[in-house]
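We name chains A, B, ... by the order of the sequence lines, and we start the count at 1 in each one. Note that these values count all heavy atoms, side chains included, but never hydrogens, waters or copies made by symmetry.
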Number of protein chains: 2
Amino acid sequence: MAASDDELAERLVALYPVLRCLSARALAELCQTASRVQLAAGAAVFDECQNCPGFPLILAGTIKVVKSTAAGREMLLYRVEPGDSCIITSSCLLGRSRYSARGIAELPLTLLVLPPPLFEQMIAEQPLFRDFVFHLFAERIAELMQLVEEVAFHRLDQRLAKLLLARGETVRATHQALADELGSVREIVSRLLKGLAGQGLVVLGREQISIVDREGLRQLADSGR
Amino acid sequence: MAASDDELAERLVALYPVLRCLSARALAELCQTASRVQLAAGAAVFDECQNCPGFPLILAGTIKVVKSTAAGREMLLYRVEPGDSCIITSSCLLGRSRYSARGIAELPLTLLVLPPPLFEQMIAEQPLFRDFVFHLFAERIAELMQLVEEVAFHRLDQRLAKLLLARGETVRATHQALADELGSVREIVSRLLKGLAGQGLVVLGREQISIVDREGLRQLADSGR
DNA sequence: GCGAGTCTGTAACTGCGGTCACAGAGGCCG
DNA sequence: CGGCCTCTGTGACCGCAGTTACAGACTCGC
């Protein structure tokens, strides 16, 4: 028990260096007070209009935060990874409002959920923790504003190019998955990818896109700004 | 001097009831420490990639926060009114990052700008003030997520209808101004307004749109969700 | 090896939103 | 009154994204 808590504390601090600001005692207490949640890949972490059970620290896996329509289309707002915190959750917690999007576990997910009183206490007493949370807020807001701009003003091929660039050398994903990130539909993504391949920017394979001309893609993504 | 500070304090507390959590002394000190800024209508309050001089409380006027393109198109992200705070500013301040949009005074604007150390002190010491700021964060984030959804999934006529509904009985604005809120262009707004008028939902006049069928507009705005 | 299910390609068509190029219409000011 | 500026109306045209409807390709399990 104590050993596993020690281990947990270590992993926590490795992912969230800011927690070093806590005393060893406080950290141990945190590990005991917080509840551990495990979810399978694909499970819903939260949904629109729910209330929020606490402040989640991500130990493993990722959450994708998504708006979706009745027609089955979907759009990625942002992704939450270990070391981040799910800002929408914090915002519910802090603002006492409700979720306004859905969160879905992309990989098997392990969370440590701080109960609200503990969270508020840490915000009150730990300037560094406060800074950490605020910094996440600031980042998300900037990202969301950027996203609005891109959706409003950029063509889909540019957004697709940017998405591919952000994913490294070879992207393993179905066209449907890419469409869901962009808020579009599969056929269009297929068509655009074929276009990119025709320009020699990528090479296509099953569930795989290999970038061959990174610079060209970047030019496309940045054209007309 | 003291009289004018008293007046200021009164106006402040009227607009920001949360400041009641301060002692009379602290409030007086705040009024003295903070700097007052006046800007003409149309003036830039901040721009992308600037750093942030402090935490603004709005005494009079409004700020529109906007993304704009090289081609001269513009898109309203949100509007900041007396009693609100400009969250993008707070996010810069708290997250030590930079603006990622432009802020423009819509009316003659009076700000009271709290220097960062004072702001941080209040965040640290005043739980109610902290709540107030967080609540604003939460609201903005939810609004931005909503905006992404609307831009990505809703037709322009629906978004226009919603915009008109949110503006009261008769809307006084040029088509260009409406286009700038929606991230579109004047001709399209004119065309769509003509369509709405044709359906008997609104009546058009110079720099003026009068809503005659509120319910019909609402149906249009909500159709296909 | 066969069939079900998933993933991809692709062609025809539609419609929304944007661009361009004007023409009036209403105000404001000298 | 005449000229200028802003605001609005409008028609022709274009291109992107979305829809529909398939057909083939690949994978996996039986």
Side-chain angles (χ1 to χ4, degrees), chain A residues 41-42 68-75 148-164 170-199 202-210 220-221 223-225, chain B residues 42 68-75 149-164 170-199 202-210 220-221 223-225:
Chain A
S68 41
T69 71
R73 274 169 69 185
E74 202 175 291
M75 162 116 208
V148 171
E149 188 197 322
E150 278 163 16
V151 173
F153 295 134
H154 295 327
R155 280 199 324 274
L156 204 55
D157 57 350
Q158 297 179 317
R159 294 175 50 218
L160 176 58
K162 192 184 164 196
L163 173 58
L164 295 176
T170 75
V171 180
R172 296 202 46 85
T174 68
H175 297 182
Q176 183 62 56
L178 296 174
D180 284 347
E181 294 217 14
L182 297 169
S184 179
V185 297
R186 199 219 88 212
E187 292 89 326
I188 305 299
V189 170
S190 291
R191 187 199 279 167
L192 293 177
L193 282 173
K194 188 191 166 194
L196 298 183
Q199 295 171 63
V202 301
V203 169
L204 303 180
R206 188 179 174 83
E207 297 194 40
Q208 176 168 325
I209 297 110
S210 308
L220 173 61
S223 63
R225 298 209 177 179
Chain B
S68 40
T69 70
R73 275 168 69 185
E74 202 174 291
M75 164 117 207
E149 188 197 322
E150 278 163 17
V151 174
F153 295 134
H154 295 328
R155 280 201 321 276
L156 205 54
D157 57 351
Q158 298 180 317
R159 294 174 52 217
L160 176 59
K162 191 183 165 197
L163 173 58
L164 294 176
T170 75
V171 180
R172 297 201 46 84
T174 67
H175 297 181
Q176 182 64 56
L178 297 174
D180 285 346
E181 293 216 14
L182 297 170
S184 178
V185 298
R186 201 220 84 215
E187 292 91 322
I188 304 299
V189 170
S190 291
R191 186 199 280 168
L192 293 176
L193 283 173
K194 189 190 166 194
L196 297 184
Q199 295 171 64
V202 301
V203 169
L204 303 179
R206 188 180 174 82
E207 298 194 41
Q208 177 169 323
I209 296 111
S210 308
L220 174 61
S223 62
R225 297 206 178 181

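Side-chain contact check for Glu150(B) versus Lys162(B): some heavy-atom pair is nearer than 4.5 Å. Put simply, the side chain of Val171(A) does not reach to within 4.5 Å of the side chain of Val202(A), judged on heavy atoms.
Each of Arg191(B) and Arg155(A) was assigned the nucleotide of DNA chain D with the nearest heavy atom; the assignment lying further toward the 5' end belongs to Arg191(B). Comparing Leu193(A) and Ala152(A) by the nucleotide of DNA chain C whose heavy atom lies nearest to each, the residue mapping closer to the 5' end is Leu193(A).
Here the shortest heavy-atom pairing between Ala173(A) and Ile209(A) reads O-CD1, 4.3 Å. Contact between Leu160(B) and Val189(B) at its shortest, heavy atoms only, is CD2-O, 4.4 Å. Minimum interatomic distance between Gly183(B) and Arg73(B) (heavy atoms only, all atoms of both residues): O-NH2, 2.9 Å.
Within residues 174-187 of chain A, the residues approached by DNA chain D to less than 4.0 Å at the level of any non-hydrogen atom are Ser184(A), Val185(A), Glu187(A), in residue-number order.
Note: CZ (Arg206(B)) to C1' (dG9(D)) measures 13 Å, nearest angstrom. If you measure from atom CG of Leu204(A) to atom C1' of dC26(D), you get 15 Å, rounded to the nearest angstrom.
As judged by a 4.0 angstrom heavy-atom cut-off over every strand, Ile188(A) is placed among the base-contacting residues. Contact annotation for Arg73(B): backbone-only contact, meaning every heavy-atom pair under 4.0 Å involves sugar-phosphate atoms and none involves a base.
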Verdict with reasoning, Val151(B) to Arg159(B), per side-chain contact (heavy atoms from CB on, under 4.5 Å)
CA-CA 8 Å; Val151(B) 174; Arg159(B) 294 174 52 217; 3.9 Å; yes
If you apply the rule side-chain contact (heavy atoms from CB on, under 4.5 Å), what do you find for Leu196(A) with Leu220(A), and how did you get there?
CA-CA 10 Å; Leu196(A) 298 183; Leu220(A) 173 61; 3.5 Å; yes
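Ser190(B) pairs in a side chain to side chain contact (heavy atoms under 4.5 Å, CB included) with only one of the listed residues (Arg186(B), Lys194(B), Glu187(B)), which is Arg186(B).
From the 5' end on, the contacts that DNA chain C makes with chain B at under 4.0 Å to a non-hydrogen atom open and close at dC16(C) to dG26(C).
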